[in-house]
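Single-structure report; data block below.
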Amino acid sequence: MRDRARAGLALLLTDDPGACLPTVLPTVLRLDARLRGGFAVDQVRAALLSAAEQVWRGLLASGGRRERRFVFDTALAQGRLRLPDLVACAETDPDVRIRARAAEAACRETVWTRRLDVLRRLAGAARPEVRVVAVTGLVRGGQDDEAAAYLNDDAPLVRAVARDAARRLGVDARAHYRTVVSTGAPALGAIAGLAETGSAADAPLLRPLLVHERAGVRAQAVRGLRLLDAVVVGELAPLLRDPSPAVVREVTAALRAALILALDADPCLAERGRADVTRWLPEPHRRSARWPAGS
C-alpha cells in the first residue's frame with residue numbers, strides 16, 4: 001500500500017506539478033515534521049525543480065510560512081533567485097527568516113561582484129537583520145568608513161559592527177556617542193551606544209534626557225543609566241508616573257534591579273541596593289523600613 005501511494009504521488013507531481021504542488025506541499029511538509037516524510041519531500045522538491053517558474057514563484061508569493069520557506073530554500077539552492085529577487089525579499093518579505101537568508105545571499109553576491117550600490121541600499125533597510133548583514137558586507141568590501149557611519153543605528157548588532165570598523169579607522173566610538181548625546185536631539189542608537197561603551201562617569205550626559213520631550217529618549221536614558229550602574233533613585237521615581245509605558249517599564253526594571261541587589265550575598269552590594277530601594281519609599285516609611293535578617 002505504501003509503495004502504491006508513493007508511486008501515485010510521484011505520477012501526480014510529474015504529470016501536473018502546477019496543479020498538484022499547492023495542495024500537496026502543505027500536507028507533505030506537515031508529515032515530514034511528524035513522521036517519515038523523506039520520500040514525499042524529495043518528490044515535492046523534484047517537482048518544484050521541474051515546474052515552470054510561475055509555479056514556484058506563485059507558491060513563494062502565496063503559500064504558508066512553512067511552504068514559503070521550503071520553496072525559497074529550494075530556489076536559492078538551485079540559483080533560481082536572481083539578485084533583484086534577493087533584494088526584494090530582503091526588503092519586503094514578511095518572514096524574518098526569509099529576509100535574513102535573502103540578505104545574506106544578496107550581500108555575499110554583491111561583495112564578490114563589488115556591487116556596493118546594493119550593499120548601501122540594504123544597509124538602509126528598515127529591518128535590523130538586513131542592515132547588519134549589509135553593513136558587515138561593507139566591511140568585507142573594504143568600506144570601513146561607510147560601515148562606521150552606522151554607529152548610531154537602532155540595532156545593537158549593527159552598532160557593534162560599526163564600532164569595529166570605527167576602531168580600525170582610529171575613531172573613538174565613545175567620544176562620538178558623548179558628542180551626539182550632548183546635542184538637543186540625540187539619536188536613540190547613540191544613547192544606547194554610550195551605555196554600551198561608557199561608564200558611570202558618562203551618567204551626567206544622560207540625566208538631562210530624563211525630561212526630554214520625546215518619550216523614546218527618556219526611556220533610553222533610563223535604560224542607559226541602569227546599564228551604566230548609575231541610577232539615582234530620586235531622579236527616576238517621578239518617572240513612574242510618566243505618560244509613556246516604555247518609560248515606566250524602564251524605570252520599573254531599574255527598581256527590580258535594585259531589589260535584587262538588596263538581597264545580594266555581597267554585604268557591600270546589598271547595602272547599596274537597600275539604600276537605593278529605601279530612597280524609593282515615601283518619607284514617612286523610610287525609617288520604618290525593615291529588611292530580612294542576614295540580607
Side-chain angles (χ1 to χ4, degrees), residues 76 79 81-93 95-206 209 214 216-217 219-221 223-225 227-229:
L76 181 63
L81 292 169
R82 298 178 287 274
L83 183 58
D85 298 320
L86 296 171
V87 171
C89 286
E91 291 181 328
T92 64
D93 198 277
D95 186 348
V96 61
R97 181 180 177 276
I98 290 180
R99 287 197 304 271
R101 292 213 63 196
E104 290 170 1
C107 291
R108 183 166 55 247
E109 181 175 340
T110 54
V111 169
W112 289 342
T113 59
R114 300 292 296 173
R115 288 288 305 275
L116 297 181
D117 57 319
V118 176
L119 287 174
R120 293 180 184 119
R121 173 176 170 174
L122 292 178
R127 305 289 187 169
E129 66 274 5
V130 176
R131 295 200 303 276
V132 69
V133 175
V135 175
T136 302
L138 288 172
V139 170
R140 291 175 177 170
Q143 306 300 310
D144 279 344
D145 55 336
E146 295 191 43
Y150 291 86
L151 283 170
N152 299 343
D153 195 273
D154 290 340
L157 287 177
V158 177
R159 291 195 298 271
V161 175
R163 284 197 294 269
D164 192 48
R167 177 186 56 78
R168 286 191 294 273
L169 294 171
V171 175
D172 186 337
R174 183 177 179 182
H176 165 85
Y177 290 134
R178 285 171 171 169
T179 299
V180 176
V181 169
S182 299
T183 65
L188 297 183
I191 303 172
L194 183 61
E196 292 162 349
T197 60
S199 67
D202 296 305
L205 294 174
L206 297 181
L209 303 181
R214 290 172 55 201
V217 171
Q220 197 63 256
R223 185 173 186 273
L225 289 171
L227 294 178
L228 291 175
D229 198 19

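Excluded from the calculations below are hydrogen atoms, water molecules and symmetry mates; all remaining heavy atoms, backbone and side chain alike, are included.
- Residues L228 and A203 approach most closely at CD1-N, 4.4 Å, considering heavy atoms.
- Checked by atom type and distance alone, the side chain of T183 never pairs as donor or acceptor with a backbone atom of T179 at under 3.5 Å.
- Counting non-hydrogen atoms of other residues, nucleotides and ligands closer than 6.0 Å to CZ of R99 gives a total above 12.
- At a threshold of 4.0 Å, the pair R120-E146 counts as salt-bridged, since one of the basic side-chain nitrogens sits closer than that to a carboxylate oxygen.
- Under the 4.5 Å side-chain criterion, counting only non-hydrogen atoms from C-beta, V161 is in contact with V132.
- For the atom pair R140 CZ and C107 SG, the distance stands at 9.5 Å (nearest 0.5 Å).
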field: Test log, rule side chain to side chain contact (heavy atoms under 4.5 Å, CB included), inputs L83 and T110
entry: CA-CA 9 Å; L83 183 58; T110 54; 4.0 Å; yes

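- Closest of all the heavy-atom pairs between A190 and V180 is CB-CG1, 3.4 Å.
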message: Applying side chain to side chain contact (heavy atoms under 4.5 Å, CB included) to R214 and L188, what does each step give before you reach the verdict?
response: CA-CA 10 Å; R214 290 172 55 201; L188 297 183; 3.9 Å; yes

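- Shown here for A134 and A123, the closest heavy-atom pair between the two residues is CB-N, 3.3 Å.
- Residues L206 and G224 come closest through the heavy atom pair CD1-C, 3.8 Å.
- In this structure a side-chain-to-backbone donor-acceptor pair under 3.5 Å is present from Y177 to L151.
- Here the shortest heavy-atom pairing between L209 and A221 reads CB-CB, 3.7 Å.
- Put simply, the side chain of E109 does not reach to within 4.5 Å of the side chain of R115, judged on heavy atoms.
- No donor-acceptor pair closer than 3.5 Å links the side chain of R131 to the backbone N or O of L157.
- Identified under the salt bridge (charged side-chain N to carboxylate O under 4.0 Å, His left out) test for residues 187-206, with sequence neighbours left out: R159-E196, R163-E196, R174-D202, R178-D202.
- Taking every heavy atom of both residues into account, A90 and V130 meet most closely at O-CG2, 3.2 Å.
- When the salt bridge (charged side-chain N to carboxylate O under 4.0 Å, His left out) test is applied to R168, the partners found at least two apart in sequence or on another chain are D144, D164.
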query: Where do L86 and L76 land on the side chain to side chain contact (heavy atoms under 4.5 Å, CB included) test, with the steps shown first?
result: CA-CA 9 Å; L86 296 171; L76 181 63; 3.9 Å; yes

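- Applying side chain to side chain contact (heavy atoms under 4.5 Å, CB included) to L138 and the options L119, D145, L122 leaves one that passes, L119.
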